[in-house]
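If you're wondering where the values come from, they're calculated on a predicted model, not measured in any experiment. Numbering starts at 1 and runs along the sequence shown.
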Amino acid sequence: QVQLTESRGGPVQAGTSLTLSCVASGSFTRIKVMGWFRQPPGKQRELVATMSSDGSTNYADSVQGRFTISRDEAKYTVDLQMNVLKPEDTAVYYCHAVVTIGPWSLDYNYWGRGTQVTVFS
């Protein structure tokens, strides 16, 4: 079993910064991808940013240039540095990982429980 534990979000003022952290624990061979998704109020869950084990990244257009994702593969952590936050960034943020497990090296998707980020103006 794999668990993803996110740091606490919280209310933040527009224009400021916040960093979310997530750590993976449990039994697995390796983590192929770690990243962040979010679900704004009344909307579907959407990609924010991901980082593969080869270092390649993928960002949503809405956060490009403002958010930065980073990973520490030795510590199984992923951070999301969020700068110049806007009210439209308000959402529940979920940590996500694609994890390789078992002797057949099968990949599984795991999600954190989510953490609320509210940006007020």
**Student:** Any chance you could measure E88, atom CD, to K86, atom NZ, to the nearest 0.5 Å?
**Tutor:** 5.5 Å
**Student:** Checking the side chain of T115 only, and the main-chain atoms of G9 only, is there a donor and an acceptor separated by less than 3.5 Å?
**Tutor:** yes
**Student:** Starting at CG of L80, measure out to SG of C22 and round the result to the nearest 0.5 Å.
**Tutor:** 10.5 Å
**Student:** Is it the case that atom CD in Q44 sees more than 12 heavy atoms from other parts of the structure closer than 6.0 Å?
**Tutor:**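 Count not over threshold, so no.
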**Student:** Just wondering, do W36 and D79 contact through their side chains at under 4.5 Å, heavy atoms?
**Tutor:** no
**Student:** Are F120 and V84 connected into the same hydrophobic cluster when the rule is that any two of I, L, V, M, F, W, Y join if their side-chain heavy atoms are below 4.5 Å apart?
**Tutor:**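 In one cluster: no.
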**Student:** Does anything in residues 99-121 form a salt bridge (charged side-chain N to carboxylate O under 4.0 Å, His left out)? List the pairs, not counting sequence neighbours.
**Tutor:**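 Sorted pair list: K32-D107.
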**Student:** Could you give me the CA-CA distance, side-chain angles and deciding distance for S21 and T77, then say whether side-chain contact (heavy atoms from CB on, under 4.5 Å) is met?
**Tutor:** CA-CA 7 Å; S21 298; T77 61; over 6 Å; no
**Student:** For Y59 and F67, which heavy atoms make the closest approach, and how far apart are they?
**Tutor:**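 Closest approach of Y59 to F67, heavy atoms only: CE2-O, 3.2 Å.
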**Student:** Checking Q116 against T118: is there a side-chain donor and acceptor pair closer than 3.5 Å?
**Tutor:**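 Side chains of T118 and Q116: pair found under 3.5 Å.
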**Student:** Please report the closest heavy-atom contact between R30 and S53, naming both atoms and the distance.
**Tutor:** NH1-OG, 3.5 Å
**Student:** Are V119 and M82 packed together at the side-chain level, in the sense that at least one heavy-atom pair is separated by less than 4.5 angstrom?
**Tutor:** no
**Student:** Which value, rounded to the nearest 0.5 Å, describes the distance between M51 atom CE and S56 atom OG?
**Tutor:** 8.0 Å
**Student:** When you compare the side chain of P40 with that of E46, does any pair of heavy atoms fall below 4.5 Å?
**Tutor:** yes
**Student:** Taking all non-hydrogen atoms of both residues into account, name the closest pair between I31 and A97 and its distance.
**Tutor:** CG2-CB, 4.2 Å
**Student:** Which residue pairs pass the side chain to side chain donor-acceptor pair (under 3.5 Å) test with at least one member in residues 7-16, sequence neighbours excluded?
**Tutor:** none
**Student:** What are the two closest non-hydrogen atoms of L4 and A24, and how far apart are they?
**Tutor:** CD2-CB, 3.6 Å
**Student:** Which pair of non-hydrogen atoms, one from G102 and one from T29, has the smallest distance, and what is that distance?
**Tutor:** N-OG1, 3.9 Å
**Student:** Tell me the closest heavy-atom pair linking V48 and F37, and the distance in Å.
**Tutor:** CG2-C, 3.7 Å
**Student:** Can a donor-acceptor pair be found, under 3.5 Å and without considering hydrogens, that links the side chain of E6 to the backbone of G114?
**Tutor:** yes
**Student:** Can you list the residues that meet the side-chain contact (heavy atoms from CB on, under 4.5 Å) rule with Q39, with sequence neighbours excluded?
**Tutor:** R45, Y94
**Student:** From M34 CE over to T50 OG1, what is the distance, rounded to the nearest 0.5 angstrom?
**Tutor:**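 Between atom CE of M34 and atom OG1 of T50 there are 11.5 Å.
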**Student:** Please say yes or no: joined through hydrophobic side-chain contacts below 4.5 Å, possibly via intermediate residues, are V2 and Y108 part of one cluster?
**Tutor:** yes
**Student:** If you define the side chain from C-beta out and look only at heavy atoms, does anything of S70 sit under 4.5 Å from Q81?
**Tutor:** no
**Student:** Does the side chain of Y110 reach to within under 4.5 Å of the side chain of I101, using non-hydrogen atoms?
**Tutor:** yes
**Student:** Any link between V63 and V12 through a network of hydrophobic side chains (Ile, Leu, Val, Met, Phe, Trp, Tyr) touching at under 4.5 Å?
**Tutor:** yes
**Student:** State plainly whether one hydrophobic cluster holds both V33 and Y76, where clusters connect Ile, Leu, Val, Met, Phe, Trp and Tyr through side-chain heavy atoms under 4.5 angstrom apart.
**Tutor:** no
**Student:** Go through the steps to decide whether H96 and L47 satisfy the test side-chain contact (heavy atoms from CB on, under 4.5 Å), and finish with yes or no.
**Tutor:** CA-CA 10 Å; H96 172 256; L47 177 143; over 6 Å; no
**Student:** Nearest 0.5 Å, please: how far is OG1 in T57 from CD in Q64?
**Tutor:**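 It comes to 7.5 Å.
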**Student:** Rounded to the nearest 0.5 Å, what separates atom OG1 in T90 from atom CZ in R38?
**Tutor:** 9.0 Å
